[in-house]
Amino acid sequence: MSAKLENAPVYYALAQVRFNPVALMPKFADEIQDRLRKSGFPVFEIVQSHQIEFGDLTKNPDLKPNVTQTPNWFFTSEDKFNGYVLGTDFFTFQTTNYNTHEEFFSSFCEGLTLLNEFVGLGAISRIGIRYLDAVVPTEGESINEYLHQNILGVDFGLPWSGGSWESVFKTDEGMLVSKVYKTASATLGFPFDLQPRSVVMHERFSFSEGKEHAVIDIDHYAEGSFPPDADTISKLLEKLHASVNKCFNAIATPLAFERWS
């Protein structure tokens with residue numbers, strides 16, 4: 001993902017910050033929605049998420065869990081390829097129509113600047129980016145030709161149906177988690193821990209019948225105390241992306257980049 005690829009394999013990307021909970025976020029949501037509506041994100045949705053707190057069961061085994069509802073606000077473009085997600089303690093930009101990381105980060109920072117204008121966030125405690133890349137071999141080729149041999153696993157000489165590889169790295173900025181999921185016959189989907197709402201899969205990545213493919217899933221995040229100004233966040237995003245890019249280039253083979261260029 002260094003130079004722009006004409007057939008880039010990114011089918012989903014997100015950037016997110018976390019901050020101390022803002023109890024009055026519902027008060028600001030309407031004004032934020034009106035500004036984003038005028039900026040190209042007219043599709044609006046509120047979804048209640050459920051959180052379960054069990055308390056200290058060691059002291060009271062009969063303690064019943066406390067279930068609370070927290071609103072999440074979704075602001076999505078008309079084509080449903082791009083959108084912001086706002087919670088009481090997080091802000092996300094997601095896209096299924098990825099072009100360049102500069103454009104992607106710019107959209108995220110524009111939304112964050114708007115949020116900070118209304119809320120006055122204070123320090124940001126966590127910032128991260130995550131990319132999902134679809135590795136789909138052309139006819140007559142194998143998925144193994146697109147991925148580095150060190151992550152392919154052991155070949156027993158038997159027909160395979162799927163597999164996965166995972167590694168965790170400590171970087172100068174934080175932690176990087178890299179995963180690869182392989183399948184012999186399935187449609188393109190999302191990891192179990194990431195089920196996007198409000199955006200839809202781009203038609204370029206939609207195939208109705210199962211086929212051999214892999215998903216490269218790279219998540220890089222930093223934790224600390226960061227000011228919410230766009231310049232600081234943008235510079236940190238660039239550093240996070242550099243390590244993601246390095247990892248991606250180590251996983252994909254020269255043949256893969258040839259097909260994507």
Side-chain angles (χ1 to χ4, degrees), residues 1-16 74 76-77 79-83 85 92 94-101 104 128-169 176-220 244-261:
M1 288 183 288
S2 52
K4 184 180 185 302
L5 301 172
E6 291 300 321
N7 298 297
V10 181
Y11 71 95
Y12 179 82
L14 71 79
Q16 184 184 83
F74 294 80
T76 313
S77 60
D79 58 15
K80 294 189 176 181
F81 292 150
N82 304 283
V85 187
T92 300
Q94 58 180 348
T95 182
T96 56
N97 190 22
Y98 184 88
N99 187 24
T100 65
H101 75 276
F104 176 55
I129 55 177
R130 187 170 179 179
Y131 291 92
L132 299 181
D133 296 274
V135 185
V136 185
T138 59
E139 188 175 351
E141 296 177 338
S142 167
I143 193 66
N144 291 351
E145 298 177 74
Y146 284 64
L147 301 172
H148 193 283
Q149 61 180 2
N150 287 353
I151 65 172
L152 296 178
V154 179
D155 184 0
F156 294 101
L158 299 173
W160 67 281
S161 60
S164 62
W165 169 89
E166 178 178 353
S167 194
V168 180
F169 305 91
L176 187 151
V177 182
S178 178
K179 303 176 184 178
V180 177
Y181 314 98
K182 293 171 53 184
T183 179
S185 180
T187 56
L188 185 62
F190 295 89
F192 72 92
D193 66 326
L194 180 61
Q195 297 297 319
R197 189 184 181 95
S198 77
V199 292
V200 298
M201 188 87 76
H202 197 281
E203 54 267 21
R204 186 161 71 89
F205 296 102
S206 297
F207 44 91
S208 57
E209 296 183 357
K211 62 173 64 176
E212 179 183 348
H213 71 275
V215 172
I216 300 175
D217 178 358
I218 305 178
D219 182 6
H220 193 193
V244 169
N245 188 48
K246 185 177 181 180
C247 181
F248 179 74
N249 279 273
I251 291 174
T253 64
L255 174 65
F257 283 101
E258 181 182 327
R259 296 291 183 262
W260 296 329
S261 62

Original post:
Among Leu147, Val180, Ile216, which residue meets the side chain to side chain contact (heavy atoms under 4.5 Å, CB included) test with Trp165?
Top reply: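 With Trp165 as partner, Leu147, Val180, Ile216 yield a single side chain to side chain contact (heavy atoms under 4.5 Å, CB included), made by Val180.
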
Ignoring hydrogens and geometry, is there a side-chain-to-backbone donor-acceptor pair from [X] to [Y] under 3.5 Å?
X: Glu212; Y: Ile143; result: yes
X: Thr95; Y: Ala13; result: no
X: Thr76; Y: Val199; result: no
X: Gln195; Y: Pro191; result: yes

**OP:** Compute the centroid of each ring, for Phe248 and then for Phe257, and state whether the two points are separated by less than 6.0 Å.
**Re:** yes

**OP:** Take Asp217 and Arg130, measure what side chain to side chain contact (heavy atoms under 4.5 Å, CB included) needs, and give me the verdict at the end.
**Re:** CA-CA 7 Å; Asp217 178 358; Arg130 187 170 179 179; 2.7 Å; yes

Original post:
Parallel, tilted or perpendicular: which describes the rings of Tyr98 and Tyr131, with under 30° parallel and over 60° perpendicular?
Top reply: perpendicular

Can you name the closest pair of heavy atoms from [X] and [Y] and give their distance?
X: Thr187; Y: Ser208; result: CG2-O, 3.4 Å
X: Gln94; Y: Pro196; result: OE1-CB, 3.8 Å
X: Leu5; Y: Trp260; result: CB-O, 3.5 Å
X: Ile129; Y: Asp219; result: O-OD1, 3.2 Å
X: Ala214; Y: Lys182; result: CB-CG, 4.1 Å
X: Tyr181; Y: Ser164; result: CD2-CB, 4.2 Å

Original post:
Please walk me through it: do Leu194 and Leu14 pass side chain to side chain contact (heavy atoms under 4.5 Å, CB included)?
Top reply: CA-CA 11 Å; Leu194 180 61; Leu14 71 79; 3.9 Å; yes

Original post:
Stepwise, does the side chain to side chain contact (heavy atoms under 4.5 Å, CB included) test hold for Thr96 with Met201?
Top reply: CA-CA 6 Å; Thr96 56; Met201 188 87 76; 5.7 Å; no

**OP:** Check the surroundings of atom NZ in Lys80: do more than 12 heavy atoms from other residues, nucleotides or ligands lie under 6.0 Å from it?
**Re:**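 Not more than 12 within 6.0 Å, no.
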
